**Student:** 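Please read through the structure below; I'll follow up with questions.
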Amino acid sequence: MPMSSPEPDAAPPLSALALTTPVAMGYIPLGIVFGFLFVQAGGAGWLAILTSIFVYAGASQYMMIPMLAAGLPIGTIALATLVVNLRHVFYGLSLLDRFPARGPLRAYLIFALTDETFSLLTTLPASTPPRRLALVAALNHFWWVLGSSIGALVGAQARLTLAGLDFCLAALFAVLTVEQWRSKQSPAPLWIALGAYAIVTVLAPSHALLLAIALSVLGGVFWQSRANPATEAADD
Amino acid sequence: MIDERTALAVIAAMTAVTFALRALPFVATRWLQRHAIVRRLGQFLPLAIMTLLVVHAAAGAAREHAAGPWFELVSIAIVVVLQWTRRNALLSIAVGTAVYVALRNFA
C-alpha cells in the first residue's frame, strides 16, 4: 500500500477546469473583496495584484491591509502572517510522495498549497500525474489573481450585492469531506476534528482553525498509535 | 496612503514566511518518511482538516448575520446528502450555495 492518499473508488474524472470551478466561484469574489479593500486603504492597485501573485494566502492578505495602512513594522506583520498561516505546515504531510521529487513543478506546487488547493489535490487519485496537479494549482492561483485584479481595478463599483456567495467554498469543503470520508475505513478523523474544534472554540476562539488542526494532529498521533501499536514499536 | 517601498518589503516578507511554512514538511521529507507515524498522519489528516475547514468556514459565515447557525447547518446538510447520494460535486456545491444565498437574502 503506497503511503499517499487513498483513491476514491470510481469517482467520475473531471476536467481540471470543472474541478476548479467551485474554487473560482469562491476565489474570484473573495479576491475582488481583497483588491477592493486594498485600494480603499490607500494602496496602489498593482501592489494588490502583486500580493495575490506572490503571497497567495487569503486570510493573511486580508489581515495585512489594516496592518499596512496603520504602518506597523514589517516584523510584526511577518509574525502575524506566521500565526495565521501556521496550519499550512501540516498540509505537506499528506502530499510528500505526491509531488515530483525535484524541479520547478515541485516548487510551484509547494508554493501554491492553499486550503482549497490542498483539498483538491488530496482528493485526486494517487496516480494523478504532476502536470495535472500543477494545472489544478495554477488554475486556482489564476482565479485568485483574477479576482484581486478585478477588485483593484474596478474599485468602488465591485461591491457584491448577494450576501453569501462565498459560501460555495464551505460547500466545496463539504463535498471534499464526503469524498475523503467515503475513501477512509474509519470516520475517526472527522469525529476527532469536530471534538477538537468544539474544545478550541470554547478555549481560544481567536485562533480556532490553527489550534484545532494542531489538536487533531495530536489526536491523530494518539489514535493511530493505539490502532497500530505493533508497527509503531517496529518502526521507531 | 500606503507607501510603495514599505508595501513591497511587507509583500516580500509575507511571501517568504508563507512559502517557508508550506515547504517545511517537504524539506524534511526523508526524515519524515522514516517514521511510520508520519505516514499514517498523512492518511489521517485530510479528512480531519477538511472537516475543520467546513466547520470553520460555516462558523465564519454564521458570524456575518444574526440568525444563528441554522442557514449554514441546513445548507451543509443539503451538500452532504446530495454528494453522498448523487456524487456530482458541481451539483452539490451549486444547490447548497443557491439554497444558502436564498436563505441569507430572502429568509
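Residue numbering restarts at 1 for every chain, and letters A, B, ... go by the order of the sequence lines. The model shown is predicted, which means the values in this text are computed figures rather than measured ones.
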**Student:** Is it the side chain or the backbone of B:A7 that comes within 4.5 Å of chain A heavy atoms, both, or neither?
**Tutor:** both
**Student:** Who wins among B:I49, B:I76, B:V80, B:L90 for the most heavy-atom pairs under 4.5 Å with chain A?
**Tutor:**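 Ranked by heavy-atom pairs under 4.5 Å with chain A, first place is B:I49.
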**Student:** How about A:Y56 and B:M14: do any of their side-chain heavy atoms sit closer than 4.5 Å?
**Tutor:** no
**Student:** Considering all heavy atoms of both residues, which atom of B:A23 and which atom of A:I110 are nearest to each other, and what is their separation?
**Tutor:** CA-CG2, 3.5 Å
**Student:** Which value, rounded to the nearest 0.5 Å, describes the distance between A:S183 atom OG and B:Q43 atom CD?
**Tutor:** 8.5 Å
**Student:** What distance do B:L45 atom CG and A:T122 atom OG1 have between them, rounded to the nearest 0.5 Å?
**Tutor:**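 The OG1 atom of A:T122 is 10.0 Å from CG of B:L45, to the nearest 0.5 Å.
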**Student:** Where on B:I93 is there a heavy atom nearer than 4.5 Å to chain A: the side chain, the backbone, both, or neither?
**Tutor:** both
**Student:** Between CG of B:L53 and CD1 of A:I213, what distance do you get to the nearest 0.5 Å?
**Tutor:** 6.0 Å
**Student:** Angle between ring planes, B:H56 versus A:Y197, binned at 30° and 60°: parallel, tilted or perpendicular?
**Tutor:**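 The rings of B:H56 and A:Y197 stand perpendicular, inter-plane angle above 60°.
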**Student:** Looking at every non-hydrogen atom in both residues, tell me the closest pair between B:A58 and A:A170 and how far apart they are.
**Tutor:**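 That closest heavy-atom pairing would be N-CB, 4.5 Å.
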**Student:** Between chain A and each of B:V54, B:L52, B:V95, count heavy-atom pairs under 4.5 Å; write down the option with the most.
**Tutor:**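 Option with the greatest count: B:L52.
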**Student:** Report the C-alpha distance between B:R87 and A:E179 in whole Å, list the side-chain angles of each, state the deciding distance to 0.1 Å, and finish with yes or no for side chain to side chain contact (heavy atoms under 4.5 Å, CB included).
**Tutor:** CA-CA 9 Å; B:R87 210 165 187 187; A:E179 290 309 315; 2.9 Å; yes
**Student:** Roughly how far, to the nearest 0.5 Å, is the CD1 atom of B:I2 from the CD1 atom of A:I65?
**Tutor:**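 Result: 7.5 Å between the selected atoms.
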**Student:** Which heavy atom of A:F118 sits nearest to which heavy atom of B:P46, and what is that distance?
**Tutor:** CZ-CA, 4.3 Å
**Student:** Near A:W46 CH2, under 6.0 Å, is it more than 12 heavy atoms from other residues, nucleotides or ligands?
**Tutor:**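 For A:W46, atom CH2 is crowded (more than 12 foreign heavy atoms under 6.0 Å).
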**Student:** Please flag which part of A:L79 lies under 4.5 Å from any non-hydrogen atom of chain B: side chain, backbone, both or neither.
**Tutor:**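 Neither the backbone nor the side chain of A:L79 comes within 4.5 Å of chain B.
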**Student:** With a 4.5 Å cut-off on heavy-atom pairs, point out which of B:L82, B:L24, B:V55 contacts chain A the most.
**Tutor:**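 Top option by heavy-atom pairs under 4.5 Å: B:V55.
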**Student:** Are A:P189 and B:T51 side-chain neighbours, meaning at least one heavy-atom pair lies under 4.5 Å?
**Tutor:**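 Side chain of A:P189 against side chain of B:T51, heavy atoms only: no contact under 4.5 Å found.
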**Student:** How are the rings of A:W181 and B:W84 set relative to one another: parallel (under 30°), tilted (30 to 60°) or perpendicular (over 60°)?
**Tutor:** perpendicular
**Student:** Indicate the atoms forming the closest heavy-atom contact of B:A57 with A:F173, along with that distance.
**Tutor:** CB-CD1, 4.4 Å
**Student:** Under 4.5 Å heavy-atom distance to chain B, tell me which part of A:W191 shows up: side chain, backbone, both or neither.
**Tutor:** neither
**Student:** With chain B, which of A:L190, A:T51, A:L194, A:T201 has the greatest number of heavy-atom pairs at distances under 4.5 Å?
**Tutor:** A:L190
**Student:** As a quick check of understanding, evaluate side chain to side chain contact (heavy atoms under 4.5 Å, CB included) for A:F90 and B:L21, giving each step before the final call.
**Tutor:** CA-CA 9 Å; A:F90 301 113; B:L21 287 171; over 6 Å; no
**Student:** Does atom OH of A:Y108 have more than 12 heavy-atom neighbours, drawn from other residues, nucleotides or ligands, at distances under 6.0 Å?
**Tutor:** yes
**Student:** Report the distance from atom CG of B:L47 to atom CG of A:L176, rounding to the nearest 0.5 Å.
**Tutor:** 11.0 Å
**Student:** Strictly distance-based, threshold 3.5 Å: is any side-chain N or O of B:R22 a donor or acceptor partner for the main-chain N or O of A:F111?
**Tutor:**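 Yes.
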**Student:** Do B:I11 and A:M64 have side chains that approach each other closer than 4.5 Å (heavy atoms only, starting at C-beta)?
**Tutor:**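 Yes, close enough: below the 4.5 Å cut-off.
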**Student:** What part of A:I192 lies closer than 4.5 angstrom to a heavy atom of chain B: side chain, backbone, both or neither?
**Tutor:**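 Answer is side chain: those atoms of A:I192 sit under 4.5 Å from chain B.
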**Student:** Give the member of A:L19, A:T114, A:L72 that has the highest number of heavy-atom pairs under 4.5 Å with chain B.
**Tutor:** A:T114
**Student:** Are A:W223 and B:F44 side-chain neighbours, meaning at least one heavy-atom pair lies under 4.5 Å?
**Tutor:** yes
**Student:** Evaluate the side-chain proximity of A:F167 to B:V101: yes if any heavy-atom separation is below 4.5 Å, no if none is.
**Tutor:** no
**Student:** Name the option with the most non-hydrogen atom pairs under 4.5 Å to chain B; the candidates are A:I74, A:N85, A:D115, A:L113.
**Tutor:** A:L113
**Student:** With a 4.5 angstrom heavy-atom cut-off, is it the side chain or the backbone of B:A59 that approaches chain A, or both, or neither?
**Tutor:** side chain
**Student:** Any chance you could measure A:Q61, atom CD, to B:T18, atom OG1, to the nearest 0.5 Å?
**Tutor:**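 Atom-to-atom, A:Q61:CD and B:T18:OG1 are 8.5 Å apart.
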